[in-house]
Amino acid sequence: MSRIPLPDPATMTDAQKGVYEKIVSGPRGRLVGPLRAALHNPDLADRWQALGALLRFGTSLPPRVSELAIVVTARRWNSQIEWHIHAQAARAAGISDAVLDAIRARVTPVFDNRDDEIVYEFARQLQETGQVEPVLYAQAVERWAAVGVVELTAVIGYYTMVSMTLNAHEIPMPDDAPPPLDTPAQDGAPALSRLAPLAGSAS
């Protein structure tokens, strides 16, 4: 159960209804996840949904790149809804079940192409160290140009915000789905997940 009341279409204000209609009539198709909380402030929710739609559907990056970065972010933050939604999207974009299972289990995934390795390590390093190794960064620029690396970083940052919102307010799973992720603990308290580095990584 959510820690806060979540706006319902039957009782929304006009401003909330306007944003709600934008969300459900767009590529998302329904209102789930952090936007349920953001609707408490319709202006925030409107800008949030526009940024999210751009980063998920409107960048120069292939869906495979974006969705892999998102599931790495979801696993780092133990974000149940984010994983539930984006593991399905990653699978549809070509990420194998074996890779998704490894990321979920926090063990080293085995990729069949270098692009996936770069995305995984870029997202992992940025979230665990706050930095990206120079060689890895240069490889990302070589593949997706400056615009793509800017977009990739923004995707990771945006879905970190999504994860924090989902976790802080304990937004319930959609469709009564069971939580797909375990949550590690440290000193008796929940902890962020440490993802396995790929061979050759400096971090």
Check: Glu170/Asn167 side-chain N/O donor and acceptor closer than 3.5 Å =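 No, no side-chain donor-acceptor pair sits under 3.5 Å.
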
Do [X] and [Y] share a hydrophobic cluster, counting only Ile, Leu, Val, Met, Phe, Trp and Tyr and linking them when any side-chain heavy atoms are less than 4.5 Å apart?
{"X": "Val110", "Y": "Val107", "answer": "no"}
{"X": "Leu166", "Y": "Ile4", "answer": "yes"}
{"X": "Ile23", "Y": "Leu51", "answer": "yes"}

So, do [X] and [Y] sit near enough that their side-chain heavy atoms are less than 4.5 Å apart?
{"X": "Asp46", "Y": "Lys22", "value": "yes"}
{"X": "Asn113", "Y": "Glu117", "value": "no"}
{"X": "Trp48", "Y": "Leu39", "value": "no"}
{"X": "Thr73", "Y": "Tyr158", "value": "no"}

Which heavy-atom pair separates [X] from [Y] by the least distance, and what is that distance?
{"X": "Ala191", "Y": "Thr183", "answer": "O-CG2, 4.3 Å"}
{"X": "Tyr120", "Y": "Ile103", "answer": "CE1-CG1, 4.0 Å"}
{"X": "Ala53", "Y": "Arg28", "answer": "N-NH2, 3.3 Å"}
{"X": "Glu121", "Y": "Leu198", "answer": "OE2-N, 3.1 Å"}

Picking from Glu82, Arg75, Arg76, what satisfies side-chain hydrogen bond (donor to acceptor under 3.5 Å, both in side chains) with Ser163?
->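 Only one of Glu82, Arg75, Arg76 forms a side-chain hydrogen bond (donor to acceptor under 3.5 Å, both in side chains) with Ser163, namely Glu82.
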
Spacing of CD1 belonging to Ile95 relative to NE2 belonging to His86, to within rounding of 0.5 Å |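 Reported to 0.5 Å precision, the distance equals 13.5 Å.
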
Give me the one residue out of Val72, Val99, Leu100, Leu68 that meets side chain to side chain contact (heavy atoms under 4.5 Å, CB included) with Pro109.
->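 The residue from Val72, Val99, Leu100, Leu68 that satisfies side chain to side chain contact (heavy atoms under 4.5 Å, CB included) with Pro109 turns out to be Val99.
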
Has [X] got a side-chain atom pairing as donor or acceptor with [Y]'s backbone, closer than 3.5 angstrom?
{"X": "Arg106", "Y": "Leu195", "answer": "no"}
{"X": "His40", "Y": "Pro5", "answer": "yes"}
{"X": "Ser2", "Y": "Ile171", "answer": "no"}
{"X": "Gln88", "Y": "Ile85", "answer": "no"}

